[in-house]
Amino acid sequence: KAGVTQTPRYLIKTRGQQVTLSCSPISGHRSVSWYQQTPGQGLQFLFEYFSETQRNKGNFPGRFSGRQFSNSRSEMNVSTLELGDSALYLCASFGSDYGYTFGSGTRLTVV
Amino acid sequence: AQKVTQAQTEISVVEKEDVTLDCVYETRDTTYYLFWYKQPPSGELVFLIRRNSFDEQNEISGRYSWNFQKSTSSFNFTITASQVVDSAVYFCALSDVDRDDKIIFGKGTRLHILP
């Protein structure tokens with residue numbers, strides 16, 4: 001099976017900028033969720049989309065947003081970047097076949 | 001509220017030793033899933049196992065085994081005859097059976113297998 005694809009793998013941004021991360025789920029999976037991983041906070045749930053609708057949202061500020069397209073691909077956007085947003089951002093797709101499958105992540109560094 | 005606790009932050013063992021990673025969880029749900037994931041240095045979370053709360057049978061997969069005890073809310077993971085390639089961060093996690101929209105992760109245990 002083709003896995004979950006996240007692009008880009010690495011990103012360096014400056015404080016105040018915005019960034020968009022992309023996630024392509026496993027073919028046929030309609031649920032995509034996003035997680036932020038930092039050394040201090042561990043893996044934290046950001047939000048989840050199913051059939052283009054956000055079903056659940058974690059405890060993150062409004063600077064973090066996302067969307068899902070009709071082909072189930074999802075994007076996550078972070079505006080007005082802060083140093084604390086530096087993290088590994090992981091995307092997971094869910095389907096009854098393979099359950100949760102995670103991508104390799106996008107490592108964002110804010111300088 | 002749901003919570004997963006992995007009390008062991010870091011463990012080091014010599015190759016070929018057995019090692020057990022502890023996981024304790026809290027949930028008010030009567031039905032739930034428990035997971036273990038492995039995260040190698042590449043960053044990807046590799047799925048190891050999913051266990052339904054109804055199924056308390058222990059499971060063995062090669063050198064890996066899992067001990068699920070509902071009475072103590074624990075879901076421990078044992079690696080037998082460890083190998084250097086087992087070095088990684090291991091995460092225990094929990095989700096609601098009826099809602100597949102998010103997983104609650106523990107903080108992870110970093111496992112070092114020394115040659």
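Reminder, nothing fancy here: chain letters follow the sequence lines and each chain counts from 1.
Enclosure of atom CD in B/E10 by more than 12 non-hydrogen atoms of other residues, nucleotides or ligands within 6.0 angstrom is indicated. Within 6.0 Å of the CG atom in A/N59, the count of heavy atoms belonging to other residues, nucleotides or ligands does not exceed 12. The environment of A/L83 atom CG is dense: over 12 non-hydrogen atoms of other residues, nucleotides or ligands sit within 6.0 angstrom. In A/R15, the CZ atom is not crowded: 12 or fewer heavy atoms of neighbouring residues, nucleotides or ligands sit closer than 6.0 Å. Around CZ of B/R110, the count of heavy atoms belonging to other residues, nucleotides or ligands within 6.0 Å does not exceed 12. Within a 6.0 Å sphere centred on NZ of B/K70, other residues, nucleotides and ligands contribute more than 12 heavy atoms.
Side-chain rings of A/F102 and B/Y37 approach one another, their centers coming within less than 6.0 Å.
When heavy atoms are compared at a cutoff of 4.5 Å, A/L43 approaches chain B by way of both its backbone and its side chain. For A/Q37, the part lying near chain B is the side chain, with the backbone staying farther off; criterion is any non-hydrogen pair under 4.5 Å.
Here the straight-line distance linking atom NZ of A/K57 with atom NZ of B/K102 works out to 11.5 Å at 0.5 Å rounding.
For the pair A/S104 and B/E44, the tightest heavy-atom approach, listed with the atom from each and the gap, is OG-OE1, 3.5 Å. The minimum heavy-atom distance linking A/Y35 with B/I103 is given by the pair OH-N, 2.7 Å. Contact record, A/R9 with B/S42: NH2-O, 3.3 Å, taken as the closest heavy-atom pair.
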